Amino acid sequence: MALARSSGVLGNPLSVDFWADADPFGGAVRALAERCPVLTNVRVDWKETPAAHVFTADLPGVRKGDAKVEVVDGDVLIISGQRAREKEEGGGKDERWHRVERSSGGFERRFRLPGGVRVDGVSASMEDGVLTVTVPKEEVAKKPQVKAVEIQG
């Protein structure tokens with residue numbers, strides 16, 4: 001089985017392509033992956049600003065209506081969704097696919113939120129296949145202003 005690719009880097013064992021050269025399971029891995037496709041490579045960046053936690057997810061090919069953002073139990077952010085498999089157009093019997101690399105199916109990512117966030121203020125937007133989720137922080141209580149008073153007399 002060839003584990004090294006031309007780039008000299010080991011392939012992703014969760015990828016169907018990883019097993020393309022020599023499937024030790026008699027094609028079972030490829031067949032299972034084709035029946036149960038899942039987006040396993042949804043990448044999410046999480047940054048913290050003074051005012052909020054911001055999550056940015058690359059979801060190419062996922063429509064806004066197919067993405068879902070939830071907060072469960074006040075401390076778990078779930079980003080999930082579905083990318084539908086495109087129908088092969090004009091697929092005649094003379095056509096043969098050589099490679100299908102774009103994934104389809106469902107995906108889900110979970111993040112444990114730290115304390116001090118306002119889940120009632122969570123917002124999300126999606127533009128050009130990039131989902132941005134903003135979880136605002138609770139306002140830090142201002143320190144009471146203390147003014148020294150000079151005692152007379």
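What you see is a predicted model, and the numbers here were worked out from it, not measured in a lab. Residue indices begin at 1 and follow the sequence shown.
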Between [X] and [Y], is any pair of side-chain heavy atoms under 4.5 Å apart?
X: Arg63; Y: Met126; result: no
X: Thr49; Y: Lys47; result: yes
X: Val54; Y: Val133; result: no

Check: Who passes side-chain hydrogen bond (donor to acceptor under 3.5 Å, both in side chains) against Arg110, sequence neighbours left out?
Finding: Glu108
Please tabulate, one pair per line, all N/O donor-acceptor pairs under 3.5 Å involving side-chain atoms of residues 146-153, not counting sequence neighbours.
none

Could you give the side-chain donor-acceptor pairs of residues 115-125 under 3.5 Å, partners two or more places apart or in another chain?
none

According to ring-ring contact (aromatic ring centres under 6.0 Å, His included), does anything in [range] pair up with another residue at least two apart or in another chain? List the pairs.
range: residues 59-81; answer: none
range: residues 57-77; answer: none
range: residues 48-82; answer: Trp46-His53, Trp46-Phe55, Phe55-Phe111

Notebook entry, point to check: Can you pull the side chain to side chain donor-acceptor pair (under 3.5 Å) pairs that have at least one residue in residues 66-75, sequence neighbours excluded?
Noted result: Asp75-Arg112
Item checked: Residues forming a side-chain contact (heavy atoms from CB on, under 4.5 Å) with Val130, sequence neighbours excluded -> Thr56, Asp58, Thr132
Check: So, for Thr134 and Ala52, which heavy atoms are closest and what is the spacing to 0.1 Å?
Finding: CG2-CB, 3.7 Å
Check: Members other than Val72 in its cluster, when Ile, Leu, Val, Met, Phe, Trp, Tyr link by side-chain heavy atoms under 4.5 Å?
Finding: Val76, Ile78
Note to self: Using only atom types and a distance under 3.5 Å, with no angle test, would you say the side chain of Arg109 pairs donor to acceptor with the backbone of Ser80?
What the structure shows: no
